[in-house]
Structures are given as structure tokens and as C-alpha cells.
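Data block below; observations after.
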Amino acid sequence: LTNSKAFKKELKPLLERLEKERDRAIKAMKGKISKAKYRDLVDSVDKLTKNIQLLSGRKTGNVSISLTELLKKADEERED
């Protein structure tokens, strides 16, 4: 479903609106750095970015840990 042309066609305008809102939040941050609402702007930029990544099929986190690293960590934990 998410790979269909129809889905991608409908998704594109939504992603463009989300990116515009993220850009507006980033611009608004410049004047809010010393105010408490800055935290809210950072939170909204983070959420908008993750939604853009999810909806466009990109990764939202760093998943580059290797199987070797996981096995090594498991072995170290068993030794303790």
C-alpha cells in the first residue's frame, strides 16, 4: 500500500506541508532562545522531522549497530 503510486501522490502534499511547518518552527526558534517556549519549538521540530521521515519511508533513528557488536555485548553481560 505505501509503495503504491496513488499513496505516494497523496503523501507528497502532506510531506510538503509538514516540512513548511518545521521550517516555520525553526525560524521562530531564533527569537525564542531565551524563553521557555524554545523547548516546545525544539520538541515540535523533532516530532515534525520524525513524522516526515516516517511518512517518506526514511529511518528515524540510528540503526547501524552490527550483529557482532550485539553478540559481543551479550557475551560481556554473561561474564559479569
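The line from CZ of R24 to OG of S44 is 10.0 Å long, rounded to the nearest 0.5 Å. Atom CD1 of I52 and atom CG of L11 lie 10.5 Å apart (nearest 0.5 Å). Here the straight-line distance linking atom CZ of R22 with atom CG of L15 works out to 10.0 Å at 0.5 Å rounding. The structure places CG of N51 at 9.5 Å from CD of Q53, a figure rounded to the nearest 0.5 Å.
By the salt bridge (charged side-chain N to carboxylate O under 4.0 Å, His left out) test, E16 is found to be paired with no residue, residues two or more places apart in sequence or in another chain being considered. Listed by chain and number, the residues in a salt bridge (charged side-chain N to carboxylate O under 4.0 Å, His left out) with R17 amount to none (sequence neighbours excluded). Partners of D46 by salt bridge (charged side-chain N to carboxylate O under 4.0 Å, His left out), not counting sequence neighbours, listed by chain and number: K50. A search for salt bridge (charged side-chain N to carboxylate O under 4.0 Å, His left out) contacts involving K47 returns D43, not counting sequence neighbours.
The nearest pair of heavy atoms linking L48 to E21 is CD1-C, 3.8 Å.
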